Every structure is written in C-alpha cells, then in structure tokens.
Amino acid sequence: MKKLINHPERVVREALEGLAAAHGDLVRVHFDPDYVYRADAPVQGKVAVISGGGSGHEPMHTGFVGQGMLDAACPGQVFTSPTPDQMVEAAKQVHGGAGVLFIVKNYSGDVMNFEMAAELLEAEGIRTASVIIDDDVAVENSLYTQGRRGVGLTVLAEKIVGAAAEEGYDLEQLKALLERVNANGRSMGMALTSCTVPHVGKPTFELAEDEMEIGIGIHGEPGRQRMKLKPADEVITMLFESVVKDLPFQAGDRCLLFVNGMGGTPEIELYIAYRKAKALADEYGLQVVRSLVGSYITSLEMQGVSLTLLRLDDEMIRLWDRPVKTPGLRWGV
Amino acid sequence: MKKLINHPERVVREALEGLAAAHGDLVRVHFDPDYVYRADAPVQGKVAVISGGGSGHEPMHTGFVGQGMLDAACPGQVFTSPTPDQMVEAAKQVHGGAGVLFIVKNYSGDVMNFEMAAELLEAEGIRTASVIIDDDVAVENSLYTQGRRGVGLTVLAEKIVGAAAEEGYDLEQLKALLERVNANGRSMGMALTSCTVPHVGKPTFELAEDEMEIGIGIHGEPGRQRMKLKPADEVITMLFESVVKDLPFQAGDRCLLFVNGMGGTPEIELYIAYRKAKALADEYGLQVVRSLVGSYITSLEMQGVSLTLLRLDDEMIRLWDRPVKTPGLRWGV
Amino acid sequence: MVISKEAVLAWIRAFAAAVEQHKEYLTELDAALGDADHGANMHRGLQAVLDRLNGVADRDIGTILRTVGMTLVSSVGGASGPLYGTFFLRAGTAAGTKMELTADDWLQMLEAGIRGIVDRGKARRGEKTMLDALGPGLDTLKASLQEGQPLNEALRRSAEAAREGMEATIPMLATKGRASYLGERSVGHQDPGATSAYLLLQTAAETWTAGA
Amino acid sequence: MVISKEAVLAWIRAFAAAVEQHKEYLTELDAALGDADHGANMHRGLQAVLDRLNGVADRDIGTILRTVGMTLVSSVGGASGPLYGTFFLRAGTAAGTKMELTADDWLQMLEAGIRGIVDRGKARRGEKTMLDALGPGLDTLKASLQEGQPLNEALRRSAEAAREGMEATIPMLATKGRASYLGERSVGHQDPGATSAYLLLQTAAETWTAGA
Ligand SMILES: Nc1ncnc2c1ncn2[C@@H]1O[C@H](COP(=O)(O)OP(=O)(O)O)[C@@H](O)[C@H]1O
Ligand SMILES: Nc1ncnc2c1ncn2[C@@H]1O[C@H](COP(=O)(O)OP(=O)(O)O)[C@@H](O)[C@H]1O
Ligand SMILES: [Mg+2]
Ligand SMILES: [Mg+2]
Ligand SMILES: [Mg+2]
Ligand SMILES: [Mg+2]
C-alpha cells in the first residue's frame with residue numbers, strides 16, 4: 001500500500017488536524033466526537049445544514065463547510081458512516097434556533113446513524129428534517145436493494161440548499177427544495193483502478209490492466225458491469241445515456257453538467273470527459289447552463305470519473321450562483 | 001496504460017476543447033497554434049501576463065487564465081514545451097498596448113522557446129520581459145546543471161503577478177515583482193508512484209512497492225534520492241528542512257505554505273501533509289499567514305506531494321488576497 | 001443454572017476477543033460483499049466497549065448492556081454500529097436491573113434485541129444479513145427450552161443454529177445493505193454481519209457453558 | 001561531385017524516415033535520461049516537415065532548409081525544437097539561394113547550423129548533448145576535405161565520427177538539459193539528442209553517397 005500517511009488508524013484524525021490548521025479562517029474542528037463546523041457558527045435564526053458520511057471522499061463533506069454551504073460536517077472513519085453522537089454534538093454546536101436539516105446519502109449505515117441522531121435531537125427539543133440523496137442510476141433493481149446510492153448529486157445539493165439556508169429559507173422550505181434537487185438529479189460513475197482502504201492495506205477489488213468497472217459506487221462497491229477498457233468517448237457515452245434516460249431528461253431542459261474525478265484522475269482526463277459529455281448533451285438538446293469539473297466527491301486514490309446531470313429551474317440557478325466560501329468550493333466572495 | 005482518453009495524440013487537443021466547453025464564460029481557446037486566453041482580452045492599457053509549458057500539469061497553466069491571473073497560457077504537448085508561434089500568436093491576441101510579461105519555468109526547452117518568441121515579438125515591435133522561475137531546491141548542484149527547475153512557486157507567482165497586472169503595474173514593476181517572488185520562494189517534491197506519458201504508454205520510471213523518490217521533478221525526472229517509503233511525517237520533514245534551510249527562512253518570517261498534490265494524490269493525504277508542514281513551520285518560528293492546499297501543479301496521475309514556502313511582504317499579501325477568477329483558482333469574485 | 005453478571009461480562013469480553021481474532025476474516029468477507037470494513041468496525045467498537053466495561057462492572061446487567069449498546073452506537077459507525085448498538089440497548093432494557101439471568105430472561109433479551117435490529121434496519125430474514133444468523137439462533141433457543149432442554153444444551157444448539165444460518169447466507173441474494181448493490185454477484189459469499197452475529201451467540205454459549 | 005537540391009530533399013525525407021524507424025528507441029533513451037518524449041517530439045516535427053516539403057520543393061536550398069527549420073520550431077517544442085530549428089534556419093541562411101551544394105558549401109552550412117545550436121542552447125561539447133555527435137561530425141568532415149578526400153568519403157567519415165561521438169556520450173555526465181538533473185545517474189546512458197543528431201549526419205552520408 002503506497003500512501004502518504006503515518007498510520008492507518010490516524011488518517012482521519014490527522015487530516016482533520018490539517019484541515020483545521022489550513023483553514024482556520026473558515027472552519028473549526030471539534031474532536032471526540034469529530035465534526036467540522038463553520039467558524040462563525042451558530043448563525044442565529046438560520047437553519048443549520050449538516051451532512052456527513054464516511055471519510056475518504058474529500059473534499060466532500062468536510063471541505064464544504066462554510067458560508068453558503070454546510071454549517072457542519074460529520075466525518076466517519078474511512079468509508080464508514082459517522083456515529084449519531086457526532087451529528088448530535090455538531091447540531092448542538094451550530095444550530096441557530098431554526099432547526100437542523102440533515103443531508104444523508106443513501107447507504108444503510110448513514111441512514112440508520114442519522115436516524116438515531118434525529119431521534120436523540122428531537123428528544124432534546126431540537127427540530128430536525130432529513131432528506132436522503134439517491135441519485136446513482138447504476139443501481140437498477142432498486143426495489144430489491146437498499147435503493148439507489150447517494151453520489152455526485154450530493155455536492156450540488158449541498159451547494160444549492162446551503163445557499164438557500166443562508167438566504168433564510170425555513171426548515172420546511174429547505175426540505176422541499178432538497179427533495180426537488182434530489183428528484184431532478186441523476187449520476188453514474190466508473191473506475192479504472194481500485195482504491196485501497198488504509199486499514200485494509202490492499203485494493204478493495206482487482207481490475208486487470210485492460211479492464212474497467214462501469215457503475216461503481218464511491219466505496220469501491222462493484223458496479224453494473226466489468227468490461228474491457230474503452231476509449232473515453234465510449235465510456236462517457238455509456239454513463240451519459242444511462243443518466244439521461246433515467247429521469248428522463250428532455251430536449252430543452254436547462255441542466256448543470258458535473259464531471260467528477262474519483263480522486264486519482266488527472267484533470268486533463270476530466271476535461272476530455274467533459275468535452276464528450278457536453279457534446280452528448282448538445283445532441284440531446286439539453287441546455288447546459290452551468291458546469292462543474294473537478295474532483296469533489298472522491299474514493300481515495302481511485303482513478304475514474306462520474307457524471308451528474310441536474311435539471312435546473314430558475315430558483316436552483318439563482319442559488320447555485322450565490323456566493324460560497326468553503327475550503328473545497330468557493331466563488332463570489 | 002490505464003487512462004480515460006481516446007488517443008494519446010489527441011489528449012491535449014481534446015482537453016482544451018473540454019476546457020473551452022466548460023468555461024466559456026472565463027476563457028477562450030484558440031487552436032493551431034494552441035493557446036487559451038481571457039474571454040475579455042485584450043484589456044486595454046494592461047500588461048499581458050502569459051505563461052505556458054508542457055501539458056500534463058493541469059490546472060497549471062491553462063486553468064489559471066482569467067481575471068486577476070494570466071491573460072493567456074500556451075500548452076505544449078504532454079511534458080513538452082510549447083513552440084514560439086504559440087506564444088507569439090497568444091501575445092498578439094491579448095496584449096493591450098503595455099507590453100507582455102512571460103513567466104517561464106526553468107527547463108531548457110521552455111527557456112529556449114520563450115526566448116525565440118520574445119525575439120520574434122520584439123522584431124514586431126511588441127515589448128516583452130521574461131522571468132525564469134527556478135524554485136526547486138532538489139537540484140543541489142545547480143552550477144553544473146540547467147539550474148533549478150521551476151515548480152510549485154509558479155502557481156503562487158502567477159497569482160501574485162496576475163493581480164498586480166490587473167491593478168495596473170507596468171512591465172518593469174511586474175518584472176521586478178516577479179523576480180522578488182522568485183527570490184523568496186522555494187519548493188521540493190516527492191513521488192510515491194510514477195506517471196505515464198500517454199504516447200509512451202508505460203510508466204516513466206519504476207518504483208518498488210516500498211520505495212519513494214525524494215526531490216522528483218514535475219515530469220518524472222528522477223530526484224535527489226530513491227529510498228524506502230517512510231511515514232508521512234518523516235517525508236514532510238525531509239522536504240520541509242530542505243526548503244526552509246535553502247533560502248534560508250528565518251524565525252518571524254511571514255510565509256505562504258503551499259502543499260501541492262501531484263495529480264493522483266487523494267486530498268485526505270494532502271491535509272495529513274499540511275498538518276506536519278504547518279507544525280514544522282511553527283517550530284521554526286515562521287508565521288504561516290496564508291495557505292494553499294490542493295493539486296495545482298501536477299504530473300498527470302503521479303501520486304506524491306510538493307511543498308512550497310514563499311516569504312511574503314505586505315505587497316505580496318495584498319496581491320495574494322485580490323480577487324481571482326479562473327477555472328482553477330477563484331476567490332473574491 | 002443461571003447466568004451471573006460476571007458471566008455476562010465474560011461473554012462481552014469473549015465476543016470482543018473473538019472479533020479481534022477474526023478481524024481480518026470479517027473484513028475479507030466484507031471486501032467480497034461490501035466495503036471491507038466490518039472487521040475494523042466491530043473491533044474498534046468492542047475495544048471501546050472494553051475500555052468502558054470496568055467502569056460499569058459493579059452495576060446491574062441492564063446498565064452494563066445498555067452501556068455496551070451506547071458505546072457501539074458511538075464508536076462503530078456504518079450499518080453494524082446502529083444495529084448491534086440497538087441490539088444491546090434493547091437487550092439491556094429487557095434485562096432491567098437484574099443481577100443474574102434465567103434461561104427465560106436470556107430468551108426474552110435475545111428476542112428484544114433482534115426486534116431492535118429489525119426496527120432499525122427494516123430487513124427480514126433471508127436478505128443475507130446478521131438476522132440470518134440471529135433468527136435461527138433465537139428460534140432454536142426457544143424450541144430447545146420449550147422441549148425442556150437444559151440451558152447449557154439450549155445455548156449450544158442455539159449457537160449451532162446460528163452457525164448454520166451464517167453458512168446459509170452463502171447462496172443467498174443480498175437485498176439489504178451494501179451487498180445488495182452486487183445483485184447476482186452477491187451469491188456465493190458469506191455475509192460478514194451474519195458471521196459476527198454467529199460469534200456473538202457462539203461466545204455466549206461457550207462462555208456460559210464452560211465447565212458445565 | 002555536388003549535392004543537388006533533390007538530394008537535399010531526399011536527405012530530409014531520409015532523416016524523417018530514420019527518426020520514424022527509431023522513434024521508440026529515441027524515446028526509450030529519453031526515458032532513462034529525461035522525460036521520454038524525444039522520439040515523439042522529433043517524429044511529430046518531421047511529419048510536419050514532410051507535409052510542407054512538397055510546397056517548397058521548387059525553391060532554392062536555403063528556402064527549403066529555412067522552411068524545415070521554421071516548421072521544426074513551430075511543431076517540436078521541448079529543447080530539441082528550437083535547437084534543430086535553429087540548426088536548419090542557420091544552415092539554410094548559409095546555403096542562400098543555391099540550387100546545388102559543393103563540399104565546401106555543406107561544410108559551411110554544417111558549421112553555421114552547429115553555431116546556431118550553441119548560440120541557442122549555450123552548451124559546449126562534453127555536456128552530453130547533440131553537440132557531442134555533431135561536433136565530431138563537423139571536425140571530421142573538415143579534416144577529411146582538407147586532407148583531400150572526395151566528398152563521398154568525407155561524408156562517410158563524418159557520419160562515422162558522429163556515431164563515435166554519440167556512443168561517447170554514454171560515460172559522460174550531463175550538465176545541460178533535463179538529463180543534468182540526474183547528476184551521477186546520467187552516466188551510463190546514451191544521449192537521445194546525440195542519437196538523433198547522428199541519424200541526421202548518417203542519413204546525409206547515406207543519401208548523398210548512394211550509388212557513388
Ligand atoms: N438493514 C440491515 N439489517 C440488518 N443487517 C444489516 C442491514 N444492513 C447491513 N446489515 C449487516 O451489516 C453488515 C455490514 O456491516 P458493516 O460492514 O460494519 O457496515 P457497512 O455496510 O456500513 O460498511 C452486513 O454484512 C449485514 O449483515
Ligand atoms: N542546451 C542544450 N544544448 C544542446 N542540446 C541540448 C540542450 N538541452 C537539451 N539538449 C538536447 O536535447 C535532447 C532532448 O530533447 P527532447 O527530449 O526533445 O526535449 P526535452 O528535453 O525538452 O524533453 C537532449 O538529449 C540533448 O541532446
Ligand atoms: Mg462501511
Ligand atoms: Mg519534453
Ligand atoms: Mg462494511
Ligand atoms: Mg525529452
């Protein structure tokens with residue numbers, strides 16, 4: 001295992017220490033339980049937006065804490081959901097009297113831990129609402145599974161809902177908005193290489209030198225299909241068609257097109273992927289009015305990409321463009 | 001070779017097409033000769049700041065074109081210097097009547113090609129000035145070599161000088177500022193894995209599963225020393241001590257600390273690296289007043305990090321904080 | 001025969017030791033079906049439990065088990081944290097302030113714990129989860145006691161049924177948890193959660209029948 | 001014997017063919033010492049030259065070679081682009097409007113071209129660069145002609161000297177270009193630029209002495 005770490009058990013803690021040291025102007029880090037929160041929290045009268053999940057997907061979620069996005073993020077161990085006490089303590093730290101919105105990715109562990117946290121907070125008189133993000137179209141038989149996983153759309157949802165919270169939306173409005181974002185976004189990813197979980201020490205799965213995995217999850221969960229490596233344009237076409245047909249997106253729809261790197265993908269390849277995805281969107285008559293290209297929701301050092309398409313309305317566009325000031329995403333301020 | 005590409009010979013071209021498609025609000029791309037330029041160029045009366053170099057280091061340089069940073073960037077083939085006609089055409093496209101400043105990394109190819117471009121432009125009556133960035137302390141015997149290579153400091157230099165150009169500094173002032181930045185910054189990098197140049201198809205060098213290369217260049221040039229993989233804190237200490245002793249940095253110096261990923265490094269490892277670098281800076285009595293953590297000057301999919309330390313003065317701090325609006329670096333706007 | 005508070009503590013310690021011993025194995029199973037962390041998760045949680053166990057060793061069995069549950073909830077994470085946490089919280093609540101347990105107490109605690117897992121995880125038996133080891137363990141315990149078997153024997157049979165249940169997960173299609181994303185590819189692998197659940201009932205049987 | 005314009009065109013084509021043939025080899029040499037692109041760089045440049053060569057085939061030798069130089073400058077990049085580009089630009093300037101070359105013309109063109117490389121790259125012989133093949137090639141050409149050898153023989157000897165110079169780069173320590181970063185580790189590898197430079201003189205000899 002080739003990693004620039006000190007010890008597999010200290011990866012999450014030390015990275016959080018580094019985050020605190022680098023971005024003390026934007027965020028604070030609390031340890032035991034671990035959570036990252038806005039330097040200016042609590043913002044009185046504002047709904048606190050909190051997310052969290054296993055670590056190893058950075059910058060998501062800890063890198064998205066700050067003005068215009070998350071009030072707090074609760075990082076679990078690598079690829080392991082955080083525990084309810086983290087969400088409970090984070091919520092108490094940041095809530096400004098207007099309730100707490102949990103953004104939860106659809107993994108059984110995440111859902112159960114956030115659910116326990118919500119129960120504990122309600123018992124203490126803090127109002128909560130939760131929305132589960134499940135945008136991964138790779139999961140086809142979702143009736144017979146935990147359902148679709150939460151992947152790339154989570155980044156866009158946190159930005160849009162974070163901006164709305166900053167504008168003063170109340171808990172019900174935010175929940176409705178978040179459900180609308182979730183209903184209008186779809187994603188799918190692929191991997192060229194596996195990642196290696198630090199405490200495991202070897203690759204989660206093996207891919208031959210000429211193979212790739214289509215429909216991979218963000219924890220190295222196997223995807224729809226393992227197949228021979230193909231040219232980028234063919235790979236992107238497979239992802240795009242699965243995504244676009246699912247909603248389905250319609251000619252004329254205004255969209256945000258998000259090409260995401262899985263952590264070990266060079267940026268030059270992301271733009272090759274974007275080029276093809278944009279050409280396909282044009283073919284389908286979609287209007288790509290906003291874009292995001294970069295490694296925002298990752299799987300450690302995995303090489304690969306995911307595509308996310310979000311159908312936008314005027315409100316979402318306005319909120320997307322609002323200022324955001326976090327370690328991982330920043331503009332307008 | 002596992003890459004998300006269509007054909008090794010089309011990598012640069014297609015990535016540029018993707019960049020144009022994704023960031024049409026910020027940049028334009030010209031082909032044959034290839035260069036990326038500000039959407040609002042030329043800015044009348046402003047010195048045009050132009051950089052360039054081999055591709056494969058993205059976001060540098062093409063991702064740093066935009067308000068407050070570069071007016072144009074000239075991308076060569078992967079790891080190959082651009083050609084003079086690119087710089088000549090780019091300069092003609094963006095120059096606003098106040099001359100052109102070339103930011104050149106110290107590689108024989110880059111230096112010679114920019115030199116030819118400068119000669120051709122002077123012959124056409126366009127004033128140019130060039131500064132060569134050479135911050136890589138890994139090159140110890142610089143009397144007997146091409147001299148130190150230009151690495152991480154280039155990113156900081158482009159930001160600071162780009163902001164000054166935006167403020168209206170003239171060509172002489174910008175050249176002096178750029179030389180001051182270059183004189184006050186030092187870097188060193190290391191690699192856990194090699195990169196693979198697309199048209200070569202196999203890794204540039206081989207490292208055993210338990211080896212790393214200290215003092216690597218950004219093209220897979222071998223470094224100071226190949227050694228057994230060590231814990232992150234020891235690796236960062238080696239880099240930091242080489243960097244800090246070289247200038248040398250002194251207790252009380254105000255610094256910008258830049259931890260850079262080489263392209264395939266997960267962000268969680270960058271923060272583990274930052275944590276140690278910051279602790280060492282504290283030990284040396286340096287005041288880290290600004291930070292940058294991320295993969296900004298990369299070597300395709302290479303795993304590894306580099307450290308850059310820049311001694312700041314009031315002017316540099318002010319310019320660092322000025323708004324920047326490029327695909328790869330953005331704040332304040 | 002009754003199960004003393006000391007025996008309950010010994011069981012928890014034995015469970016922690018068994019998970020420690022099989023940590024790599026549990027993780028390997030999870031690598032085939034999920035995200036390769038079940039061994040690490042359970043181990044981390046049970047080490048935290050051991051750290052806190054002495055502090056409540058003088059208290060009643062309900063308090064002890066609820067402490068185990070709360071500690072697991074706040075240290076395991078993932079799916080198994082809330083599930084095992086809820087199991088011990090509910091089992092502890094069922095035990096109340098007792099200082100020793102009869103066969104029937106244990107039966108009711110196990111039943112309450114398993115019901116907690118179902119409430120939390122919304123899975124049923126046959127979905128390739130820990131329930132497929134715990135369920136048969138509970139059924140067999142109940143049947144053996146109704147048949148009039150001594151507790152010793154009932155515990156042994158319960159553990160044996162859990163082992164069979166664990167093995168029976170191999171041909172199952174997973175429809176809950178991460179393994180469900182594998183679809184058909186989940187067939188042919190043993191469920192890690194069912195494996196740790198077997199260890200839970202196996203260490204109970206072993207600890208409580210030792211010397212008997 | 002004179003070198004016709006057609007022979008000059010044939011030389012350029014032969015150089016392009018030789019580089020194409022040894023593309024992988026040149027890149028391998030550059031992988032050991034530099035950044036593994038010398039073969040690709042030279043090949044890309046010479047393909048661009050071939051594309052443009054027919055368009056100037058009717059012009060004088062100076063125009064032809066300056067076109068080769070400008071094309072290399074604007075298509076090779078790296079260190080070898082400006083260096084080989086300058087070589088051909090200067091050699092073309094020395095050739096002027098001639099339509100055929102004497103032995104002495106070629107000697108002066110080679111000398112001018114090499115001086116261009118030195119002006120541009122600021123290297124001297126012995127630094128493990130293309131100069132270490134070109135320099136001996138020039139010296140031997142000059143000496144052979146002064147000795148009164150016919151051009152055929154002088155060209156053969158010149159190419160042979162370039163080959164020896166290329167091989168002599170193996171034990172050298174690089175102090176220019178990317179290879180210089182290797183320090184002691186540059187010793188033991190043949191310089192890629194010296195290798196392509198040998199091909200330049202070797203194809204000249206081969207083309208111009210064919211049938212002679
Ligand atoms: N909804 C559920 N109900 C019951 N057991 C479940 C459920 N989801 C997952 N499990 C169990 O949890 C185990 C996985 O636990 P673990 O690997 O620690 O968590 P995670 O899946 O979050 O990584 C599975 O093997 C399965 O037995
Ligand atoms: N300053 C110089 N003078 C003469 N030749 C040089 C100089 N620098 C580099 N070279 C030659 O260029 C060759 C490398 O060319 P190439 O690989 O195409 O460019 P780059 O080094 O930019 O990748 C070296 O092998 C060497 O012979
Ligand atoms: Mg997990
Ligand atoms: Mg090169
Ligand atoms: Mg797991
Ligand atoms: Mg080279």
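The model shown is predicted, which means the values in this text are computed figures rather than measured ones. Chain A is the first sequence line, chain B the second, and so forth, proteins listed ahead of strands; every chain is numbered from 1.
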inquiry  = Could you report the tightest heavy-atom contact between C/Pro82 and A/Met116, atom names first, then the distance?
reply    = CB-SD, 3.6 Å
task = Write down the atom of A/Ser108, the atom of C/Gly177, and the distance for their closest heavy-atom approach.
result = OG-CA, 3.3 Å
request  = Measure the CZ-CG distance between A/Phe79 and C/Asp35 for me, rounded to the nearest 0.5 Å.
outcome  = 8.0 Å
message = Within this structure, what is the CG-OG1 distance for the pair C/Asp30 and A/Thr204, rounded to the nearest 0.5 Å?
response = 10.0 Å
Under 4.5 Å from a heavy atom of chain A, the part of [X] involved:
{"X": "C/Ser80", "result": "neither"}
{"X": "C/Thr27", "result": "side chain"}
{"X": "C/Asp37", "result": "both"}

inquiry  = Between C/Val73, C/Leu33, C/Leu83, who has the most heavy-atom pairs with chain A when the cutoff is under 4.5 Å?
reply    = C/Val73
inquiry  = Looking only at heavy atoms and a cut-off of under 4.5 Å, which of C/Ala36, C/Gly85, C/Ser75, C/Ser74 has the most pairs with chain A?
reply    = C/Ser74
key: Full working for side-chain contact (heavy atoms from CB on, under 4.5 Å) between C/Arg44 and A/Thr80   = CA-CA 12 Å; C/Arg44 184 177 56 249; A/Thr80 297; 3.8 Å; yes
message = Please check this pair: side chain of A/Asn113 against backbone of C/Gly78, looking for a donor-acceptor N/O pair closer than 3.5 Å.
response = yes
inquiry  = Let's test your reading of the structure: which of A/Pro84, A/Gly76, A/Gly215 forms the most heavy-atom pairs below 4.5 Å with chain C?
reply    = A/Pro84
message = Quick check for you: among A/Lys202, A/Arg149, A/Gln77, A/Glu115, which has the greatest number of heavy-atom pairs under 4.5 Å with chain C?
response = A/Arg149
inquiry  = Counting only non-hydrogen atoms closer than 4.5 Å, can you tell me which residues of residues 189-200 of chain A sit against chain C?
reply    = A/Val197, A/His199, A/Val200
ask   = Measuring heavy-atom distances to chain C, does A/Glu119 have an atom under 4.5 Å in its side chain, in its backbone, in both, or in neither?
value = side chain
